[in-house]
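These notes concern the structure reproduced below.
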Amino acid sequence: MIAIDSNFNIEASQYDTYTLRFKFKDYILTPDDKFRFSIKTTSNSTDVVFCKDVYHAGFNYIDLSVDMGELDSLPPDTYVYDVALINKKTQKIKTLIWAAYFMI
């Protein structure tokens, strides 16, 4: 089971696999763009407990797959996640979603 509310908070069952699609309005990803999904223990924390990078040049969306076993080390709890677009050429970081909840 996975549910996403209007504030982008995610609730997922432990051990499930799923794919989340993030679609960009009026932006096509370049070969220099890296999409980063990070889960932290709290919004003020620098302790990243899960991170995944995805590249999808030429498209206006990213499919982030959470595969079997990737989140097994995270016990059921409420975390926070953020989504950023990082351009390796310009070194610019754009935070797209910041400090939404990720509940297992």
Side-chain angles (χ1 to χ4, degrees):
M1 179 216 70
I2 185 166
I4 304 171
D5 69 17
S6 60
N7 293 317
F8 303 108
N9 297 312
I10 298 172
E11 185 174 357
S13 296
Q14 192 171 29
Y15 310 118
D16 279 1
T17 60
Y18 44 87
T19 300
L20 300 170
R21 178 166 281 184
F22 295 87
K23 192 169 182 183
F24 303 99
K25 184 178 180 181
D26 302 323
Y27 187 74
I28 302 297
L29 294 158
T30 73
D32 295 318
D33 288 328
K34 173 174 48 178
F35 177 89
R36 176 166 288 165
F37 179 85
S38 302
I39 299 175
K40 300 175 184 176
T41 53
T42 65
S43 59
N44 297 337
S45 175
T46 58
D47 182 22
V48 176
V49 294
F50 177 78
C51 184
K52 190 165 190 176
D53 294 338
V54 180
Y55 300 88
H56 205 209
F59 294 88
N60 70 337
Y61 66 90
I62 289 287
D63 286 337
L64 176 80
S65 296
V66 176
D67 300 323
M68 185 181 295
E70 283 192 298
L71 298 177
D72 286 0
S73 65
L74 298 181
D77 205 344
T78 299
Y79 302 89
V80 295
Y81 78 94
D82 59 56
V83 172
L85 192 60
I86 304 166
N87 187 286
K88 66 181 176 184
K89 189 176 194 176
T90 65
Q91 299 298 308
K92 289 187 179 182
I93 300 171
K94 294 180 185 178
T95 302
L96 307 173
I97 298 174
W98 181 74
Y101 292 107
F102 189 91
M103 296 160 272
I104 298 175

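The structure presented is a predicted model; accordingly, all values stated were derived computationally and were not measured.
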- Any side-chain heavy-atom pair from Leu64 and Val83 closer than 4.5 angstrom? no

- Query: Is the side chain of Asp32 donor-acceptor paired with the backbone N or O of Asn87 at a distance under 3.5 Å, no angle test?
  - Reply: no

- Minimum-distance pair of heavy atoms, taken over all atoms of Phe24 and Ile62: CE1-CG1, 3.8 Å

- Item | Distance in Å, Asp77 CG paired with Ile39 CD1, rounded so as to fall on 0.5 Å steps | 11.5 Å

Enumerate donor-acceptor pairs with a distance under 3.5 Å from any side-chain N or O in residues 93-104 to protein atoms, sequence neighbours excluded.
none

- Residues at least two apart in sequence or cross-chain that pass side-chain hydrogen bond (donor to acceptor under 3.5 Å, both in side chains) with Asp82, listed by chain then number, are Lys40

- Is there a side-chain contact between Ile2 and Ile10, using heavy atoms and a 4.5 Å cut-off? yes

- Message: Which heavy atom of Pro31 sits nearest to which heavy atom of Lys88, and what is that distance?
- Response: O-CE, 4.0 Å

- Task: Quick one: pull up CD1 in Ile86 and CD in Gln91 and give me the separation to the nearest 0.5 Å.
- Result: 9.5 Å

- Could you pull out the closest heavy-atom pair between Val80 and Ser43, with the gap in Å? CG2-N, 3.5 Å

- Given Asp33, which of Ile28, Leu85, Thr90 fulfils the side-chain contact (heavy atoms from CB on, under 4.5 Å) condition? Leu85

- Item | Worked verdict on Leu29 versus Tyr55 for side-chain contact (heavy atoms from CB on, under 4.5 Å) | CA-CA 8 Å; Leu29 294 158; Tyr55 300 88; over 6 Å; no

Using a 3.5 Å cut-off and no angle test, enumerate the donor-acceptor pairs between side-chain atoms of residues 65-75 and protein atoms at least two apart in sequence or in another chain.
unit_1 : atom_1 : unit_2 : atom_2 : d
Ser65  : OG     : Thr19  : OG1    : 3.3
Glu70  : OE1    : Lys52  : NZ     : 3.1
Glu70  : OE1    : Asp67  : N      : 2.6
Glu70  : OE2    : Lys52  : NZ     : 3.2

- Note on the structure: From the list Tyr61, Phe37, Phe8, side-chain contact (heavy atoms from CB on, under 4.5 Å) partner of Phe22 resolves to Phe37

- Query: Do the rings of His56 and Phe59 sit parallel, tilted or perpendicular, given the 30° and 60° boundaries?
  - Reply: parallel

- Item | Euclidean distance, Asp53 CG relative to Phe35 CZ, rounded to 0.5 Å | 9.5 Å

- Please check if atom CZ in Phe50 has more than 12 non-hydrogen atoms from other residues, nucleotides or ligands closer than 6.0 Å. yes

- Query: Short question: side chain of Asn7, backbone of Asn9 - any donor-acceptor pair under 3.5 Å?
  - Reply: no

- Message: How close do Ser45 and Asp47 get, counting heavy atoms only, and between which atoms?
- Response: OG-N, 2.8 Å

